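All remarks here apply to the structure that follows.
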There are 2 protein chains.
Amino acid sequence: MVTLKELAKLLNVSVSTVSKALSDSSEIGENTKRRVTELANELNYKPNRIAQQLKTSKTKVVGVVVPSLMNPFFAEVVHGIETTLENHNYDMMVCISNESLEKEQRSFDLLSTGSVDGFIVAVARETQTNHSIKHFENVGRTTPIVMFDRVLNDVACSKVVVDDFETVYQATKYLIEEENRKHLLLISNIEELSVGKQRIKGYAKAIEEANLKSSVLKLDDEINPDELILEHLKKNLNIDAIISIDHITGIMALNMVKKIDKKVPDDISVIGFDYVDSKFVSSPKISVVNQKGFKIGETSAKLLLDELNSKSRVKHKTIMVKSLLSLNGTTQNK
Amino acid sequence: MVTLKELAKLLNVSVSTVSKALSDSSEIGENTKRRVTELANELNYKPNRIAQQLKTSKTKVVGVVVPSLMNPFFAEVVHGIETTLENHNYDMMVCISNESLEKEQRSFDLLSTGSVDGFIVAVARETQTNHSIKHFENVGRTTPIVMFDRVLNDVACSKVVVDDFETVYQATKYLIEEENRKHLLLISNIEELSVGKQRIKGYAKAIEEANLKSSVLKLDDEINPDELILEHLKKNLNIDAIISIDHITGIMALNMVKKIDKKVPDDISVIGFDYVDSKFVSSPKISVVNQKGFKIGETSAKLLLDELNSKSRVKHKTIMVKSLLSLNGTTQNK
DNA sequence: AAGATAATGGTAACACTTAAAGAGCTTGCA
DNA sequence: TGCAAGCTCTTTAAGTGTTACCATTATCTT
């Protein structure tokens with residue numbers, strides 16, 4: 001690795017001259033600047049980022065801590081984060097909590113000691129159920145944190161949330177009012193998450209307002225969720241609309257409906273949650289709530305960058321990213 | 001942030017004493033060690049990683065550069081990488097090339113100047129078509145690189161590859177020999193990738209050995225791939241087996257087969273490529289080639305860690321991770 | 001000749017590690 | 001008894017690559 005020192009020696013100038021010349025300082029003569037930059041290019045000099053980071057105590061790195069990357073929603077958010085950071089010349093260190101509190105804590109511990117300028121996090125399931133917030137509070141004192149999707153209300157930091165309640169409320173209302181559905185079923189495999197609870201509440205409200213009967217099928221950690229859905233459908237042949245609040249059970253339900261010889265969307269409408277491939281793996285293309293993962297990532301990153309680049313301590317913001325009801329082939333779309 | 005200096009001042013010892021005490025050096029008296037560690041715990045001292053990194057010129061960070069995280073295969077590999085690195089107390093910086101050569105180069109440029117100890121990369125589509133390898137060669141001289149899946153043969157580095165040829169060859173052979181299929185169709189949307197080419201070759205070989213007619217449907221960047229598949233199926237009603245070489249068109253084909261009123265797997269068998277949700281979104285559960293993404297990530301990470309931890313320059317290895325033919329509901333499995 | 005201006009140099013600091021030196025003991029042996 | 005040798009514990013110093021700040025030198029103005 002070529003260093004400033006070596007350049008300086010080769011050019012017979014001091015290290016500080018080289019440093020200044022390369023940062024195009026007005027203190028340095030044009031001639032010298034040219035000589036320096038030419039040699040630097042020739043030897044392919046690149047400043048050592050670690051040394052810069054130590055000196056300036058800025059890393060230009062953001063720590064991203066998510067429960068999983070195999071959940072397409074998080075993958076999409078991370079993609080949005082990456083794109084935004086990249087545009088502002090930031091890098092990211094990704095840690096996967098695997099829904100484990102301990103791992104999340106370790107990641108925060110490790111990265112908070114100089115490695116990153118700030119954090120973007122979706123809290124682990126375990127953190128959410130245990131209500132452990134110490135690691136956030138400790139780090140948060142010195143390092144900005146932005147939470148998205150899975151958010152802890154009692155941690156003081158900026159947040160990017162999804163209008164889970166409203167979204168599912170609207171979707172349910174659509175099925176009831178526009179499609180005149182009377183016997184709705186909600187399917188959930190994320191019942192214990194805050195977002196899941198919100199979504200179920202949105203459903204419940206719409207159902208209640210219409211004076212219908214609420215019906216919820218919970219599938220947490222089942223081995224054969226599809227069979228449970230099928231059974232449920234067989235036992236409740238009057239079901240005329242299904243709303244799934246995760247990215248997978250909607251498609252599953254769609255497949256099961258076909259098995260009981262009902263037509264989608266004529267006999268039964270299905271609304272699921274979007275993910276990158278949902279359009280491709282379902283037939284007819286499933287109608288979905290599009291959560292705008294990319295936008296959420298983008299928004300989170302921008303929020304964090306704002307905090308990082310303002311010297312004065314900024315007030316914490318909470319931004320809501322609206323979901324979009326995207327009606328495709330499994331609803332009637334009148 | 002508490003520093004060694006502050007601890008030293010509070011304890012009236014020198015900085016190096018504190019440093020050594022905390023690393024449990026035998027040079028330091030038990031008494032002092034106790035005093036130091038106690039205060040360090042009390043003040044929640046954590047060594048500044050950046051300073052450590054500068055001093056030791058080890059970062060304990062690996063740069064991971066992948067074309068996308070929204071491709072579930074890469075997400076799975078990255079998960080495998082993360083898990084392995086985590087076990088060895090390494091962190092990772094993830095960059096997404098978005099299939100762009102330029103972005104890939106930028107990532108390598110930036111991270112290679114002190115930020116990471118080594119790289120794990122799946123090369124971008126553009127890199128592969130352009131055959132640009134300079135950025136790998138430059139970095140590779142000083143920093144170990146491990147390539148996986150998308151590999152460039154003319155770059156000297158360790159590699160983790162999938163037995164693409166063999167896998168599809170075997171899968172095709174299975175359809176021909178075990179299920180007695182005569183009119184096979186291969187569907188591909190990754191025709192221009194090296195892995196795609198290999199897979200098609202494997203198919204071609206099996207077809208040739210059986211003296212059958214090769215039929216390939218290419219779907220690169222089509223807007224409505226499902227309709228093209230449907231059309232193709234309608235025009236070729238004698239097709240009795242479909243093999244897809246990516247994670248999405250297999251499920252798509254399965255759905256299309258249902259539309260032409262043929263039964264899977266009685267009339268037509270379907271084999272696709274596995275991804276995390278393929279079991280859940282297909283009905284019957286699709287038979288797949290399981291690429292073992294996690295294992296690939298794990299293997300890549302281990303390979304890199306080996307290189308990092310051996311002082312002598314190690315020979316570059318190429319490891320093949322075998323795929324697994326996982327027969328589910330879309331094949332006859334006699 | 002004094003002061004302004006331009007160009008460059010030197011030093012310290014960032015937080016840490018580590019080799020080498022030093023201080024204060026106890027031993028051992030003539 | 002005296003003192004070199006050895007031991008344990010601690011400090012000093014040098015170094016990692018960079019930047020910020022202050023100092024120095026040379027040249028030019030008036």
Side-chain angles (χ1 to χ4, degrees), chain A residues 1-37 39-40 43-61 89 110-117 142-143 311, chain B residues 1-37 39-40 43-61 109-117 142-143 311:
Chain A
M1 279 288 84
V2 190
T3 66
L4 287 183
K5 213 192 212 172
E6 297 177 54
L7 291 181
K9 189 179 281 175
L10 287 170
L11 290 164
N12 267 315
V13 293
S14 74
V15 170
S16 47
T17 303
V18 180
S19 172
K20 285 175 189 165
L22 288 175
S23 57
D24 203 28
S25 154
S26 62
E27 296 178 64
I28 302 297
E30 286 307 322
N31 239 332
T32 317
K33 272 190 200 169
R34 202 172 313 118
R35 289 209 309 138
V36 171
T37 48
L39 186 67
L43 300 187
N44 196 26
Y45 167 80
K46 297 271 160 53
N48 182 314
R49 288 182 81 204
I50 301 292
Q52 281 180 322
Q53 290 170 13
L54 179 60
K55 179 67 197 180
T56 61
S57 60
K58 292 245 148 83
T59 63
K60 292 268 202 171
V61 177
N89 282 312
L110 212 65
L111 297 189
S112 63
T113 59
S115 293
V116 302
D117 294 344
T142 50
T143 315
K311 31 246 96 185
Chain B
M1 280 286 84
V2 191
T3 65
L4 286 184
K5 211 191 211 170
E6 297 176 56
L7 291 181
K9 189 178 280 173
L10 288 169
L11 291 162
N12 266 315
V13 292
S14 75
V15 171
S16 53
T17 303
V18 180
S19 170
K20 285 176 184 167
L22 288 174
S23 57
D24 202 28
S25 156
S26 62
E27 298 176 59
I28 303 296
E30 286 306 323
N31 239 333
T32 318
K33 272 189 198 169
R34 201 172 313 119
R35 291 208 307 138
V36 171
T37 47
L39 185 68
L43 301 186
N44 196 26
Y45 167 81
K46 297 269 160 53
N48 182 313
R49 288 182 81 206
I50 301 293
Q52 280 180 322
Q53 290 170 14
L54 178 59
K55 179 64 200 181
T56 61
S57 59
K58 292 245 150 82
T59 62
K60 291 266 201 175
V61 177
D109 252 30
L110 213 64
L111 297 189
S112 63
T113 60
S115 293
V116 302
D117 294 344
T142 50
T143 316
K311 31 246 97 188

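The figures here come from the full heavy-atom set of this structure, side chains too, leaving out hydrogens, waters and symmetry mates. In what follows, chains are A, B, ... by sequence order, proteins preceding strands, each numbered from 1. Model, not experiment: these values are computed from the prediction.
- Side-chain nitrogen and oxygen atoms of B/Ser14 include at least one within less than 4.0 Å of the OP1 or OP2 phosphate oxygen of D/dT11.
- The CG atom of A/Asn48 sits 9.5 Å away from the OG1 atom of A/Thr3 when rounded to the nearest 0.5 Å.
- The interatomic distance linking B/Glu27 (CD) with C/dT17 (P) rounds to 13 Å, in whole Å.
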Please produce a list of atom pairs where a protein N or O lies less than 3.5 Å from an N or O of nucleotides 18-20 of chain D.
unit_1	atom_1	unit_2	atom_2	d
D/dT18	OP1	A/Tyr45	OH	2.5
D/dT18	OP1	A/Asn48	N	2.9
D/dT18	OP2	A/Leu4	N	2.7
D/dT19	OP1	A/Gln52	NE2	3.1
D/dT19	OP2	A/Ser19	OG	3.0
D/dT19	O2	A/Lys55	NZ	2.9

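- Among the heavy atoms of the strands lying under 4.0 Å from A/Asn12 are primed sugar atoms or P, OP1, OP2 only; no base atom is included.
- Across the protein-nucleic acid pair, B/Asn31 atom CG and C/dC25 atom C1' stand 16 Å apart, rounded to whole Å.
- When rounded to the nearest whole Å, the span between CD of A/Gln53 and P of C/dC14 equals 17 Å.
- With rounding to the nearest 0.5 Å, the separation of CG in B/Leu11 from CG in B/Leu4 is 11.0 Å.
- B/Ser23 comes within 4.0 angstrom of nothing in the nucleic acid, heavy atoms only.
- Look at B/Lys9 and B/Glu6 and you find no salt bridge, because none of the NZ, NE, NH1 or NH2 atoms lies under 4.0 Å from a carboxylate O.
- Two residues are said to be in side-chain contact when any heavy atoms from C-beta on lie closer than 4.5 Å; A/Leu110 and B/Arg49 meet this criterion.
- Atoms OG1 and CD, on A/Thr113 and B/Gln52 in that order, are 7.5 Å from each other to the nearest 0.5 Å.
- Whole-Å rounding puts the B/Lys60 NZ to C/dC16 P distance at 18 Å.
- When all heavy atoms of B/Tyr45 and B/Leu7 are compared, the pair lying nearest together is CG-CD1, 3.8 Å.
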Apply side-chain hydrogen bond (donor to acceptor under 3.5 Å, both in side chains) to the pair B/Ser25 and B/Ser23, showing each step before the final yes or no.
CA-CA 6 Å; B/Ser25 156; B/Ser23 57; 5.7 Å; no

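- Residues A/Leu54 and B/Glu30 each lie close to DNA chain D; by heavy-atom proximity, the contact nearer the 5' end of the strand is made by B/Glu30.
- Separating the NZ atom of A/Lys9 from the P atom of C/dG10 is a distance of 14 Å, rounded to the nearest angstrom.
- Rounded to 10°, the angle separating the first-five-pair axis and the last-five-pair axis of the helix from C/dA1-D/dT30 to C/dA30-D/dT1 equals 80°.
- Rounded to whole angstrom, the span from the CZ atom of A/Arg35 across to the C1' atom of C/dT8 amounts to 12 Å.
- Between the CG atom of A/Leu43 and the C1' atom of D/dG17 there is a distance of 16 Å, rounded to whole Å.
- Atom C1' of nucleotide C/dC14 and atom CD1 of A/Ile50 are separated by 13 Å, given to the nearest angstrom.
- Within 4.0 Å (heavy atoms only), B/Ser57 reaches no atom of the nucleic acid at all.
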